[in-house]
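Residue numbers start from 1 in every chain, and the chains themselves are labelled A, B, ... in the order their sequence lines are given, proteins ahead of strands. Because the structure is predicted, anything quoted here is derived from the model rather than measured.
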Amino acid sequence: MTSEQTWLQQKLQAVDRQAFQNDLQSWYMENHRDLPWRQTKDPYRVWVSEIMLQQTRVDTVIPYYENFMKKFPTMEVLAEAPEDEVLKAWEGLGYYSRVRNLQEAVQEVVANYKAEVPKDRKVFRKLKGVGPYTSGAVISIAFDQEEPAVDGNVMRVFSRICNIDEDIGKEKTKQLFEQVQAQFLEGAKPSIFNQAIMELGALICTPKSPGCLLCPVQNHCLARAEGKEEDLPVKSKKKAPSKKTLSVAVVQDDAGRVLLRKRPDQGLLAGMWEFPHVESSSENLMNDASSMLLKDHDVSAEIVGEIQYVEHTFTHLIWKMHVHRATVREAPVPSETEVWVTLDEAALYALPVSQQKILRHLKGE
DNA sequence: CACTCGTGGTA
DNA sequence: TTACCAAGAGT
């Protein structure tokens, strides 16, 4: 036995895991929220909910989930849906690769697994967008298998319960907590237990000022016993987002239609639609927009001037957008990645929030 | 490992 | 206003 395993065993032996299970599961049965995806064990629905919930709040997800399941009630329907329609259903939810990967994975399941979600975690794990957490979550919740599913809640709760001060930002730490959770899972009701840990993290064992006085497992908590609950989990700080100055062109033809283009299918905002823009220095905004339009869209336009300034912050990036109006007499022929549309029609395309800010401003003028 | 990849809520 | 956060995965 390695020293690491010995260290872990000491941590685990300090907690009565049997009693912990009982107290936690009883609490969950009495106190859990009645969320839409908890009304079913359909693995497809559980899967969709887990993808949506990645890095996203429950309150945000609920309306998207309802709409998505209404539009794509089965894996067959989602598999055959046009990608633009799927992206539109995800508009505003962020991390758009999630839904592109989900559709690709669902297509794979329909084609190669008789439209049934694989019950083997390792098989399910191979699908696009299904990582260490999601594989365990869907398999344990939908199929009630004893598999760990380590998310931020799980690491926060167990770091406090077991007084573990490893940096939860590290990949290796996540693997450590998979071992911890696997130990706690033994003899539990997997579907209940895993959801209960996450529910506890969401409602009681919160990042800031945890509700220890209301906690069903406060008597099992090593951090609480030492008054260290506010100091855990340990998490390294993220670096500040970098800034980019963009020159944006709202190109309008004689009929009042504007040019939208589709972003590449890789990288930031993949597959979403946008007003054409180019990274620019703040001194050459007009010229850079003009040459971008000519080079990328074969459009010779007259840039009239700046009509809006918008800042939009991503997780790791800040766009400082200088929006210009430009006019052309006759719109060129559209392509796969270019459309000329009225402002009302523009709303039918999947637009990220940054572009919705611009569109709203145009409509308000 | 470190970085990319969104958005809206909160202190 | 800044900073951090919320059921992570891909590269």
Side-chain angles (χ1 to χ4, degrees), chain A residues 32-33 35-38 45-65 87 90-102 104-105 124-142 148-157 167-175 177-178 181 191 193-203 205-210 233 235-242 244 263-272 274 311-319 350-357:
Chain A
H32 71 79
R33 294 167 292 178
L35 302 172
W37 45 89
R38 287 180 174 160
R45 292 184 171 246
V46 174
W47 184 6
V48 170
S49 75
E50 291 300 341
I51 299 298
M52 284 190 173
L53 285 163
Q54 289 171 9
Q55 302 292 288
T56 311
R57 289 182 148 75
V58 164
D59 289 344
T60 303
V61 165
I62 289 174
Y64 282 93
Y65 175 84
L87 265 178
W90 211 267
E91 179 187 71
L93 198 51
Y95 289 142
Y96 300 99
S97 295
R98 289 184 294 176
V99 75
R100 297 159 61 81
N101 289 336
L102 173 63
E104 187 179 331
F124 184 52
R125 170 74 176 82
K126 294 181 190 300
L127 298 170
K128 273 283 177 59
V130 179
Y133 165 75
T134 304
S135 57
V138 174
I139 296 297
S140 65
I141 294 172
V150 175
D151 71 337
N153 288 310
V154 169
M155 289 194 283
R156 184 170 59 256
V157 170
D167 182 349
I168 66 170
K170 306 288 185 186
E171 180 61 30
K172 182 156 189 186
T173 305
K174 188 185 296 181
Q175 295 173 22
F177 279 106
E178 281 184 356
Q181 191 180 10
S191 180
F193 184 86
N194 280 356
Q195 293 187 77
I197 288 287
M198 292 188 280
E199 193 77 344
L200 186 73
L203 300 181
C205 196
T206 48
K208 294 168 186 173
S209 46
K235 191 176 185 179
S236 52
K237 290 176 183 174
K238 293 170 187 171
K239 67 172 189 179
S242 58
K244 275 191 181 180
R263 292 181 63 89
D265 62 5
Q266 296 287 326
L268 184 68
L269 305 171
M272 302 291 281
E274 67 183 5
E311 280 195 9
H312 187 78
T313 302
F314 301 89
T315 303
H316 61 294
L317 203 58
I318 300 177
W319 276 0
L351 301 173
V353 169
S354 56
Q355 307 302 300
Q356 290 178 18
K357 289 178 182 174

Original post:
How is A:W90 classified with respect to the nucleic acid when contacts are heavy atoms under 4.0 Å: base, sugar-phosphate, or nothing?
Top reply: nothing
**OP:** Return the set of residues passing side-chain contact (heavy atoms from CB on, under 4.5 Å) with A:Y95 (not counting sequence neighbours), or none when no residue passes.
**Re:** A:Q55, A:R98, A:T315
Subject >> Shortest non-hydrogen separation from A:I318 to A:E311 and the atoms involved >> reply: CG2-OE1, 4.4 Å
Subject >> Considering all heavy atoms, the nearest A:P241-A:L317 contact >> reply: CB-N, 3.4 Å
Subject >> Separation of the P atoms in B:dC3 and C:dC4, to the nearest angstrom >> reply: 15 Å
Original post:
Taking the six-membered ring for Trp, are A:H312 and A:F314 ring centroids under 6.0 Å apart?
Top reply: yes
Original post:
For atom P, what is the distance between B:dC1 and C:dA6, given to the nearest Å?
Top reply: 23 Å
Subject >> A:Y133-A:E50 side chain donor-acceptor pair, cut-off 3.5 Å >> reply: yes
Subject >> Gap between atoms NZ and C1', on A:K235 and C:dA6 respectively (whole Å) >> reply: 9 Å
**OP:** State which residues pass salt bridge (Lys or Arg N to Asp or Glu O under 4.0 Å) with A:R38; sequence neighbours excluded, sorted by chain then number.
**Re:** A:E199
**OP:** Determine the Euclidean distance between corresponding P atoms of C:dA9 and B:dG8; express it in Å to zero decimal places.
**Re:** 22 Å
**OP:** Starting from C1' on C:dG8, measure out to CG on A:L102 and report it in whole angstrom.
**Re:** 14 Å
Original post:
Does A:R125 or A:P207 map to a spot on DNA chain C nearer the 5' end, using the closest nucleotide for each?
Top reply: A:P207
**OP:** Among residues two or more places apart or on two chains, list those pairs meeting salt bridge (Lys or Arg N to Asp or Glu O under 4.0 Å) that have a residue in residues 126-136 of chain A.
**Re:** A:E104-A:K128
Subject >> Rounded distance (Å) that lies between atom C1' of C:dA3 and atom NZ of A:K208 >> reply: 8 Å
Original post:
Rounded to whole angstrom units, what separation is found between the NZ atom of A:K128 and the C1' atom of C:dT11?
Top reply: 12 Å
Original post:
Taking A:Q355 for the side chain and A:E274 for the main chain, is one N or O donor matched with an acceptor at less than 3.5 Å?
Top reply: no
Subject >> Among B:dT7, C:dG10, C:dC4, the one nearest A:K237 by side-chain distance >> reply: C:dC4
When you compare the protein's N or O atoms with those of nucleotides 1-5 of chain B, which come within less than 3.5 Å of each other, and at what distance?
| residue | atom | partner | partner atom | Å |
| --- | --- | --- | --- | --- |
| B:dC1 | OP2 | A:K172 | N | 3.3 |
| B:dA2 | OP2 | A:K170 | NZ | 3.0 |
| B:dC5 | OP1 | A:L268 | N | 3.3 |
| B:dC5 | OP2 | A:H316 | NE2 | 3.0 |

Original post:
Among residues 51-64 of chain A, which contact DNA chain B at a heavy-atom distance under 4.0 Å?
Top reply: A:Q55, A:T56, A:R57
Original post:
How close or far is atom P of B:dG6 from atom NZ of A:K357, stated in whole angstroms?
Top reply: 14 Å
Subject >> Side-chain donor/acceptor of A:E178 to backbone N/O of A:V150, under 3.5 Å >> reply: no
**OP:** Measure the distance from CG on A:L93 to C1' on C:dA6 and round it to the nearest whole Å.
**Re:** 12 Å
**OP:** Please tell me which of A:N101 and A:T206 maps to the more 5' nucleotide of DNA chain C, matching each residue to the nucleotide holding its nearest heavy atom.
**Re:** A:T206
Original post:
How many Å lie between NE2 on A:H312 and P on B:dG6, as a whole number?
Top reply: 9 Å
**OP:** To the nearest Å, give me how far apart CG (A:L200) and C1' (C:dA6) are.
**Re:** 16 Å
Original post:
What pairs with A:R125 under side-chain contact (heavy atoms from CB on, under 4.5 Å), at least two apart in sequence or on another chain?
Top reply: A:P132, A:S135
Original post:
With a 4.0 Å cut-off on heavy atoms, is A:T134 in touch with a base, just the backbone sugar-phosphate, or nothing at all?
Top reply: sugar-phosphate
**OP:** With heavy atoms under 4.0 Å as the rule, sort A:R156 into base, sugar-phosphate or nothing.
**Re:** sugar-phosphate
